[in-house]
Each structure stands twice: as structure tokens, then as C-alpha cells.
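What follows is a short report on a single structure.
Quick note: numbers below take in every heavy atom, side chains included, and nothing from hydrogens, waters or symmetry partners.
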Amino acid sequence: MSLIPEIKPQQSIELLKELHILTRDGKINQDTRRKLKQVYHLYQFIEPLMADVLAEKGSLTLADHGAGKSYLGFILYDLFLKDKPSAHVYGVETRQDLVDKSVELAARLGFEGMSFLNLTVEQSITSDALPAQVDIITALHACNTATDDAIRFALAKDAKYIVLVPCCQAEVAAVLRQKKNETFGKTALSELWRHPIHTREFGSQLTNVLRCLLLEARGYQVTVTELVGWEHSMKNELIIAKKVGGAKKSARERQESILRELNIEELRERFAY
């Protein structure tokens, strides 16, 4: 058992050292303590989703999209899945050097139920290296449109659960900024993003609202909550979606209304498909 109280007793100390959360002599600093706390907090949300899929199917596939160094995938596998041979975690990442390092680490730790793939979004949707249906899709701190890419992948894979922590959303804000003068004459709501700081913050908020409506329109029940306290990260909105049924027409109608009223209809292809 670890002498550091924050670390879960079933956690591999060797893994935490390899992820540079612990130093080689087993110590932890303030920055990595925050990172560990954030990943553990997210784990608390994902663990019951994994348990639900395993109870229902007896097997589980999970894909971490835009995996980076695969912190999340490794932690989920180590804490919950390494003793479940019917479970498999896929890390999808476009940087080959990070994929290579993750492959090497998984082999060294004996994590046989983990695969790491160097694939773009389009490739990941059609690649034979991934199953046609994936139960859970995660995307942790996926910057700007990478969250939308993860959603597109999840919808294509008919995921039961989608877990997103969006980050650095700039695209919608850029369109709001570009069309600001034109929009002033259309609606008083343009006051919501007249000032640059409001443009940035409102654009980020609006991005996630449109994402949630997209998921609802495609048959998902959506919950939005806070990942951790504001003192740990300003990018802490957690979106969890569960597939519950067919298309929801009212969500699509509200989405279309927002795109029209805020004069951002050029973004329809990204958010309303």
C-alpha cells in the first residue's frame, strides 16, 4: 500500500512513476498531485459506467480519443479493468511518438488489454483496428474541435456512454467575432458577446450547449457537471451522455433556432448533423 494517502491502494506505483505523477523515489509534488486528483475525480464518474456495461454485456470496449500520453486510459485500466480479460481499452492519438511510448509502457506493465493506434478521426471511424461498436468513448481536455471529433467518432461507433472534458474552444468565438457588426443589427442578444472577453467566454459556453443539443438530438441523455473545483483547472466542464433512445426532434429544433438567431448558421455542419 502507498504511503501517500491520495493514491488508491490498488494503484500501480510503477505506473504512476512512468506517467511522471510520482518521482523515481516515489514522491509527489503539488502539480502532479493536482493532476492525480483530477484523473481520480474523473474515474469516479467513469467507474459506474464501466461496471454497467460489464454487467449488461459481460465485456467492455473503451476508446480514449485524442489520448495524448494516455493518462486516463492507463488509470482506468489499472484501477478497474486489468483483472477483466473481456475488457479492452483503445488509445487513439495522431502523434506517433506518444503512441510508441504508450505501447512500450503497456507491454512493460503487462497490460494486455490495451491497444494504441496512430489514427486521424476519419481513419479511426473506419479502421479495422477498432471494433464496429465501442461501448464508452472518453476525451479528456480535447482542445477546440477535438471534442467535436470525439463526438463524431462516438456517434459513428454507437457508443452507450460518452464522457467529455472540453478545452480551449475557439472556433465558435471566432465566428461570433467575425460577424459581430452584422449581428448587432439582427438581435439585441449580440450584447452577450460585444466585449472581447465575453466573446471568448460566451463562445465557449455556446459551443458546449450546441454539443449537448447534438447529443440529445441523437438519442442521448446528457448530464453536465463540474469535474473538479475551480482551483485545479479552469477547463473543468464534464459532459456525460448516455444512449437512451431515438432521435429527439425538439433538441434539433432548438439547436437550429440558436444557430439562426445568433447568426452562426455556417457552423450547422459541425453541430447539427
Side-chain angles (χ1 to χ4, degrees), residues 38 42 45 65-66 121 137-156 159 161-273:
Q38 189 176 62
L42 185 55
F45 287 99
H65 218 278
V121 180
I137 309 298
T138 61
L140 177 60
H141 289 159
C143 283
N144 202 18
T145 58
T147 296
D148 303 298
D149 294 337
I151 291 174
R152 187 152 55 97
F153 173 80
L155 294 176
Y161 291 107
I162 307 170
V163 181
L164 307 168
V165 181
C167 184
C168 305
Q169 292 130 172
E171 185 188 32
V172 173
V175 175
L176 290 171
R177 191 178 300 113
Q178 176 187 354
K179 305 185 78 171
K180 189 175 293 187
N181 291 336
E182 176 186 327
T183 309
F184 280 160
K186 294 179 179 290
T187 174
L189 290 176
S190 60
E191 290 294 333
L192 291 171
W193 66 93
R194 179 159 63 96
H195 300 286
I197 188 172
H198 293 160
T199 306
R200 184 189 68 207
E201 297 303 319
F202 181 70
S204 180
Q205 177 87 348
L206 180 57
T207 301
N208 287 340
V209 168
L210 290 169
R211 287 167 174 162
C212 290
L213 286 171
L214 167 62
L215 291 169
E216 290 179 355
R218 295 292 293 267
Y220 286 83
Q221 180 184 70
V222 178
T223 301
V224 183
T225 188
E226 187 178 56
L227 177 56
V228 293
W230 288 108
E231 74 275 11
H232 297 291
S233 173
M234 292 297 288
K235 309 297 182 182
N236 72 337
E237 188 168 334
L238 172 63
I239 300 172
I240 300 177
K242 176 183 180 181
K243 188 69 178 286
V244 293
K248 190 175 181 182
K249 184 180 178 182
S250 60
R252 173 70 73 234
E253 290 172 346
R254 289 195 298 272
Q255 192 181 50
E256 290 285 353
S257 179
I258 289 171
L259 292 168
R260 184 172 57 254
E261 288 187 47
L262 301 187
N263 196 28
I264 54 172
E265 290 179 281
E266 65 192 74
L267 295 173
R268 177 178 287 104
E269 184 178 339
R270 177 166 291 280
F271 294 108
Y273 55 87

Tell me, please, which residues at least two apart from [X] pass salt bridge (charged side-chain N to carboxylate O under 4.0 Å, His left out).
X      : result
Glu256 : Arg268
Arg260 : none
Asp149 : Arg152
Arg270 : Asp148, Glu171

Mind listing the closest non-hydrogen atom pair of [X] and [Y] along with its distance?
X      : Y      : answer
Ala217 : Ala251 : N-CB, 3.7 Å
Tyr273 : Arg252 : O-NH2, 2.7 Å
Leu192 : His198 : O-CB, 3.4 Å
Pro166 : Thr147 : CA-OG1, 3.5 Å
Tyr220 : Ala159 : OH-O, 2.5 Å

Is there any salt bridge (Lys or Arg N to Asp or Glu O under 4.0 Å) pair reaching into residues 175-186, and which pairs are they, with sequence neighbours excluded?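 Salt bridge (Lys or Arg N to Asp or Glu O under 4.0 Å) check on residues 175-186 returns Lys179-Glu266.
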
From [atom1] ([X]) to [atom2] ([Y]), nearest 0.5 Å:
X      : Y      : atom1 : atom2 : answer
Gln38  : Leu238 : CD    : CG    : 10.0 Å
His65  : Leu164 : NE2   : CG    : 11.0 Å
Ile162 : Leu215 : CD1   : CG    : 5.0 Å

Would the number of heavy atoms belonging to other residues, nucleotides or ligands and lying under 6.0 Å from CD of Glu265 be above 12? yes

Evaluate the side-chain proximity of [Y] to [X]: yes if any heavy-atom separation is below 4.5 Å, no if none is.
X      : Y      : value
Leu214 : Gln255 : yes
Thr138 : Leu42  : no
Thr183 : Leu262 : no
Ile258 : Leu206 : yes
Phe271 : Thr207 : yes

Does the pair Phe45 and Val163 meet the rule for a side chain to side chain contact (heavy atoms under 4.5 Å, CB included), with working shown? CA-CA 9 Å; Phe45 287 99; Val163 181; 5.8 Å; no

Using side chain to side chain contact (heavy atoms under 4.5 Å, CB included), reason through Arg194 and Ser190 one step at a time and then give a plain yes or no. CA-CA 6 Å; Arg194 179 159 63 96; Ser190 60; over 6 Å; no

Under the side chain to side chain contact (heavy atoms under 4.5 Å, CB included) rule, what do Leu210 and Leu259 come out as? Steps first, then yes or no, please. CA-CA 9 Å; Leu210 290 169; Leu259 292 168; 4.1 Å; yes

With sequence neighbours left out, which residue pairs that include part of residues 239-248 fulfil the side chain to side chain donor-acceptor pair (under 3.5 Å) condition?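 Qualifying pairs, neighbours excluded: Asp158-Lys243.
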
Backbone of Arg200 reached by a side-chain donor or acceptor of Ser204 within 3.5 Å: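 No; zero donor-acceptor contacts below 3.5 Å.
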
Taking Gln169 for its side chain and Asn208 for its backbone only, find out whether a donor-acceptor pair lies under 3.5 Å. no

